[in-house]
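Numbering of ligands and ligand atoms starts at 1, following listing order. Here the structure is a predicted model, which means the values were calculated and not measured.
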Amino acid sequence: MSNSDSPASDFIRDFIDEDLNTKRYTRVHTRFPPEPNGYLHIGHAKSICLNFGIAADYGGLCNLRFDDTNPSKEEVEYVESIQEDVRWLGFDWEDRLFYASDYFEQLYQWAVQLIKAGKAYVCDLTADEIREHRGTLTQPGKDSPYRNRSVAENLDLFQRMRAGEFPDGSRVLRAKIDMASPNLNMRDPVMYRILRATHHCTGDAWCIYPMYDYAHGESDSIEGITHSICTLEFENHRPLYDWYLDALGIYHPRQIEFARLNLTYTVMSKRKLLELVQGGYVSGWDDPRMPTISGLRRRGYTPEAIRNFCRRIGVAKYDGVVDIGLLEYSIREDLNRCAPRVMGVLRPLRVVIDNYPVDQVEELDAVNNPEDPGMGTRKVPFSRVLYIERDDFREEAPRKYYRLAPGREVRLRWAYLITCVGVVKDPHTGEVVELHCTYDPATRGGNTPDGRKVKGTIHWLSAPHAVEAEARLYDHLFTKENPEEAAGGGDFKDNLNPHSLETVRCYVEPSLAAAAPGSRCQFERLGYFCLDAVASSPAHLVFNRTVTLRDTWAKIEKAAAVGQS
Ligand code: ATP
Ligand code: MG
């Protein structure tokens, strides 16, 4: 797969090429139109990369527009987080930050124009009655008894709706289209409802608010958008998008739909993510297990990795589900390139090197990134007492287990070869609490002057120099590939993974004591980690595991387990 920034070709770009060739449009102008009712997630990243990416490829422009027509669910916190996330992903709307609420007066005037043209009417049916009148896919709808109100009466009532003379929900303005249309969206859709709610931009200036379908296309038109790219569920709304623009006789952008991103082991709707936040199932929108941009950022994802992921998945016209492994692949690939290697021990086992001088400390050279010699080397202290990973020792070593075991020799990364000569156990529990080893002074740096082969290399820390830290080890938030698949009457929350977060006290190299919040590194053999930008402090380091490395031993064990069953 290509990792270059060259534009991918896809059906949307084909449509745009066609429109430029036929001169339907002579420029390209897109927009990313989030509703500020939650934090952005990785699905939005797909839309952001697409809209800003297309604008960049065609030398065009992309606006950021808040689709803020629903005051009861929208908050300033969301408006701010959305801007931060788009910027962090690497995109710039320059001076083109807009709000649909900026257009409320114009939208109102256009509604008046439609009333005057006999194309909109005030309807007094209740929400339930409107639903009953709408009919079904197989049954045509029924006309509202208010459908044939005079223009004068409609103008008067609509103006009084705006003036606040009627209670919430008592009346709506509807487009007068066709109650027998095979497309339910065309059966006299609601354009305005009465709602007394304070809006984050317009305050209490309005008590009527436009519906999404009416506001969206008209906002696109006002901004001179050429290609209004949205997700597939709006395909059935396109005739309505076109109808409003044609009925008003205003500039007409082209709506193009693409398939939304779905990821395995993930829910993607803001409503569900909000439920997780409000129910305390996660620590917040930026919990590192969340598929939100802010969660991924805190987890240690880079903007490059997310952009590469979006390029890889491409855009399609049919819904599908992308394996979350592809997202993990993208971050591994990027961090492999740029993250310095360090040593950390998650589950320490004490090792005493019996033949190493008691007070001696050596500073050994360690390579910061074998993928990039330019990243240089650093010193790591070595002494008589070490920590190694508990999992790197087995009393009974299975076949192909090349790590430490009684009588076995192993290489300590960047240091010496050691041989296990003794095992100390807790007399009560039988648990191994300490190993005794000898080292071969001729093997400094990990070489064997006599040419003997030692297969295993393990990581380690000098115990007196190691810095204590907290590591947060994350797993998928859900246990099921499709979290929506819940048994008998349950919902996606029944599939939450109780082991999605494991916290361990670990040890890290002294070089990490001064690391900056958010900085990323690879703990050799364990995975990529980043210093938590929220919870970490110099006195209490907190590392988030961004993603594991592919563990060859885990693979062998897994294969063996499958073979046995
Ligand atoms: P959600 O269902 O998560 O609440 P939404 O579509 O209601 O999402 P908006 O804020 O309205 O969220 O979306 C802003 C833009 O992002 C829209 O153009 C929408 O189509 C796009 N978008 C939202 N979710 C996805 C997704 N999973 N994949 C691709 N694009 C998406
Ligand atoms: Mg929405």
For residues Thr546 and Arg520, is any side-chain donor paired with an opposing acceptor at under 3.5 Å? no
Using a 4.0 Å heavy-atom cut-off, say whether Phe234 meets ligand 1 through its side chain, its backbone, both or neither. neither
Arg162 NZ/CZ over Tyr108 ring centroid, <6.0 Å and within 45° of normal: yes
Is there a nitrogen or oxygen of Glu35 sitting under 3.5 Å from a nitrogen or oxygen of ligand 1? yes
With sequence neighbours excluded, what pairs up with His252 under the side-chain contact (heavy atoms from CB on, under 4.5 Å) test? Asp242, Leu245, Asp246
If you count the atoms of ligand 1 from 1 in the order shown, which ones are under 4.0 Å from a heavy atom of Pro33? 14 (C), 18 (O)
I'd like to check whether His44 has a polar contact with ligand 1, where a contact means an N/O of the residue lying under 3.5 Å from an N/O of the ligand. yes
Do Ser144 and Arg174 have side-chain atoms, one donor and one acceptor, less than 3.5 Å apart? no
Have a look at Lys270, Arg271, Glu233 and point out the one with the heavy atom closest to atom 5 (P) of ligand 1. Lys270
Contact atoms of ligand 1, heavy-atom distance to Ser269 under 4.0 Å: 3 (O)
Do Tyr121 and Tyr146 have ring centroids that are under 6.0 Å from one another? no
Contact (N/O only, under 3.5 Å) between Arg260 and ligand 1: yes
Quick check, are the ring centers of Phe234 and Tyr212 under 6.0 angstrom apart? yes
Under 3.5 Å: N/O of Phe258 near N/O of ligand 1: no
With Glu84, which residues qualify under salt bridge (charged side-chain N to carboxylate O under 4.0 Å, His left out), at least two apart? Arg297
Numbered atoms of ligand 1 (with element) below 4.0 Å of Met268, judged on heavy atoms: 3 (O), 27 (N)
If you measure every N or O of Thr231 against every N or O of ligand 1, does any of those distances drop under 3.5 Å? yes
Indicate yes or no: does an N/O atom of Gly43 lie under 3.5 Å from an N/O atom of ligand 1? yes
Counting only nitrogen or oxygen atoms and a 3.5 angstrom limit, does Leu261 reach ligand 1? yes
Atom indices of ligand 1 within 4.0 angstrom of Pro34 heavy atoms, with elements: 10 (O), 14 (C)
When you check the gap from the basic side-chain N to the acidic O, do Arg312 and Glu333 get nearer than 4.0 Å? yes
Charged tip of Arg171 within 45° of Phe166 ring normal and under 6.0 Å: yes
